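Within every chain, numbering begins at 1; the chains are lettered A, B, ... in the order of the sequence lines, protein sequences first and strands thereafter. Quantities reported herein were computed from a predicted structural model and do not represent experimental measurements.
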Protein chains: 2
Amino acid sequence: MLTIGRLGQAAGVKVPTIRYYEQIGLLPPADRSAGNQRIYDRATLDRLSFIRHARELGFSLEAIRDLLSLSDKPDQSCAAADAIAKAQLQAVQARIARLRALQTELHRMIDQCACGTIRDCRVIETLGDHSLCAQDHGAEA
Amino acid sequence: MLTIGRLGQAAGVKVPTIRYYEQIGLLPPADRSAGNQRIYDRATLDRLSFIRHARELGFSLEAIRDLLSLSDKPDQSCAAADAIAKAQLQAVQARIARLRALQTELHRMIDQCACGTIRDCRVIETLGDHSLCAQDHGAEA
DNA sequence: CTAGGGGCTCTAGTCGCTATAGCTTCAAGG
DNA sequence: CCTTGAAGCTATAGCGACTAGAGCCCCTAG
């Protein structure tokens with residue numbers, strides 16, 4: 001049996017975050033001690049560790065909610081879990097592609113800067129005039 | 001002279017976003033017509049285009065605020081502008097590196113899934129047990 | 001028995017918008 | 001001149017995923 005602080009330490013999650021997860025229903029309402037303090041068991045630690053790991057991999061809380069409810073039904077097909085993971089992989093790949101375009105453009109911008117005055121600064125100039133860009137770098141990161 | 005709608009179209013920025021930028025002081029308070037509607041000149045279009053382009057490159061509004069105030073002082077050294085751009089480049093590179101680690105881990109997870117039941121699902125299992133991960137994929141995207 | 005460290009609730013703030021509600025103004029057509 | 005509908009206005013609240021603060025209570029060690 002764990003207090004919220006120990007649970008947080010064990011799972012690598014901050015205490016207010018645990019309370020937040022409870023509030024939004026990602027964790028079930030915790031049992032309380034005589035003095036109204038939350039007490040947790042090992043199963044909750046596992047669940048919280050799952051959440052933390054999924055967050056580290058970039059899953060949204062919504063996706064995690066789905067994954068958790070799947071993991072509670074061991075006999076079902078895991079196709080749905082797979083689909084969520086694949087969507088996440090695609091999202092990650094899209095973000096990488098976009099960031100690479102940004103990286104290129106930022107590099108170009110910085111390389112061209114002769115580091116004189118603002119008047120001649122390519123960084124400022126390039127920002128002001130999109131047509132100076134070599135590539136597209138659409139919206140949304 | 002432009003209405004807010006035309007300005008938005010010209011710069012590729014939505015109308016509420018323009019009002020928001022004014023509210024937080026990124027754009028100066030607009031002049032008003034007789035009927036209290038905002039009217040804009042070309043200079044504001046340039047400023048807004050600058051903001052939009054910088055946003056597309058991932059700069060924060062705070063960084064853009066700094067860049068704009070620099071661009072108003074053409075005689076100063078552009079070292080400060082350079083520093084902001086370099087910091088942005090570094091941030092982008094860090095995010096790419098992190099996303100690549102995520103990509104690898106997601107790939108591994110999905111590849112190992114034999115697509116049977118949840119009980120045997122490597123996706124769910126891997127999420128529940130960080131030690132199954134090949135690499136580190138620290139916090140923060 | 002008291003000190004301090006952890007726990008509790010509730011509220012507000014972060015970032016960069018976006019959406020809604022309910023109003024006024026403007027430009028074009030009849 | 002009047003109507004209609006688009007576009008404008010203000011003000012407020014919401015998103016995701018927390019984080020920070022205020023002000024209180026509880027529990028354990030010395």
Side-chain angles (χ1 to χ4, degrees), chain A residues 1-27 29-40 44 48 50-68 87-88 91 95 98 102 138-141, chain B residues 1-27 29-40 44 48 50-68 87-88 91 95 98 102 138-141:
Chain A
M1 290 300 173
L2 301 159
T3 63
I4 196 170
R6 287 187 186 288
L7 176 68
Q9 270 202 309
V13 174
K14 288 183 191 152
V15 167
T17 304
I18 297 172
R19 288 196 278 247
Y20 169 71
Y21 287 164
E22 179 179 321
Q23 186 189 310
I24 63 168
L26 206 59
L27 291 176
D31 290 338
R32 301 298 183 113
S33 73
N36 196 36
Q37 304 198 188
R38 288 172 180 83
I39 40 180
Y40 296 97
T44 307
L48 184 56
F50 183 104
I51 295 171
R52 187 211 163 182
H53 193 195
R55 283 297 297 142
E56 279 176 359
L57 287 168
F59 288 89
S60 71
L61 293 185
E62 251 332 280
I64 293 172
R65 205 185 288 273
D66 293 345
L67 287 168
L68 280 169
Q88 176 61 17
R95 291 178 68 192
R98 159 130 166 93
L102 298 195
E140 224 274 306
Chain B
M1 288 300 173
L2 302 159
T3 64
I4 195 169
R6 288 186 185 288
L7 175 69
Q9 270 202 309
V13 174
K14 287 182 191 150
V15 167
T17 304
I18 297 171
R19 288 196 277 248
Y20 169 70
Y21 287 164
E22 179 179 321
Q23 187 189 311
I24 63 168
L26 207 58
L27 291 176
D31 290 338
R32 300 299 181 113
S33 72
N36 196 35
Q37 302 198 189
R38 288 172 180 84
I39 39 179
Y40 296 97
T44 307
L48 184 56
F50 183 103
I51 294 170
R52 186 209 163 184
H53 193 194
R55 283 298 297 144
E56 279 175 358
L57 287 168
F59 288 89
S60 71
L61 292 185
E62 251 332 281
I64 293 172
R65 204 186 288 273
D66 292 346
L67 287 167
L68 280 169
Q88 176 61 17
R95 290 178 68 192
R98 160 132 165 91
L102 299 193
E140 225 274 304

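- Annotation: the span from T44(B) atom OG1 to Y21(B) atom OH amounts to 14.5 Å, rounded to 0.5 Å.
- In this entry the distance linking OH of Y40(B) with C1' of dA7(D) reads 13 Å, nearest Å.
- Regarding E62(A), its CD atom lies at a distance of 12 Å from the C1' atom of dA17(D), rounded to whole Å.
- Between S60(A) and R55(A), the shortest heavy-atom distance links the atoms CA-NH1, 4.0 Å.
- Between I4(A) and I18(A) the shortest heavy-atom distance is O-CD1, 3.8 Å.
- Rounded to whole Å, atom C1' of dC18(D) lies 15 Å from atom CD of E56(A).
- In this structure, CG of L57(A) is placed 14 Å from P of dA17(D), rounded to the nearest angstrom.
- Residues Y20(B) and L61(B) have side chains in contact (heavy-atom distance under 4.5 Å, counting atoms from C-beta outward).
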Where protein sits on nucleotides 21-29 of chain D, one letter per nucleotide: B base, S sugar-phosphate only, - none, heavy atoms under 4.0 Å: -----SS--
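- Here the closest non-hydrogen pair linking I51(B) and I64(B) is O-CD1, 3.8 Å.
- Residue R38(B) has a polar side-chain atom (N or O) positioned under 4.0 Å from OP1 or OP2 of dT10(D).
- Closest approach of R98(A) to E56(B), counting heavy atoms only: NH2-O, 2.7 Å.
- Contact between R52(B) and A11(B) at its shortest, heavy atoms only, is CD-O, 3.0 Å.
- Side-chain contact between E62(A) and R65(A) is present, with heavy atoms from C-beta onward closer than 4.5 Å.
- The nucleotide range of DNA chain C contacted by chain B, defined by atoms under 4.0 angstrom from heavy atoms of the protein and reported 5' to 3', is dG16(C) to dC26(C).
- In the region residues 4-21 of chain B, proximity to DNA chain D at under 4.0 angstrom, judged on heavy atoms, holds for I4(B), G5(B), R19(B).
- Considering all non-hydrogen atoms of both residues, R32(A) and E22(A) come closest at NH2-OE2, 4.1 Å.
- Taking CG of L7(A) as the reference point, atom CE of M1(A) lies at 12.0 Å (rounded to 0.5 Å).
- A donor-acceptor pair under 3.5 Å is formed between the side chain of Q88(B) and the backbone N or O of L57(B).
- Atom CD of E22(A) is separated from atom C1' of dA17(D) by 17 Å (rounded to the nearest Å).
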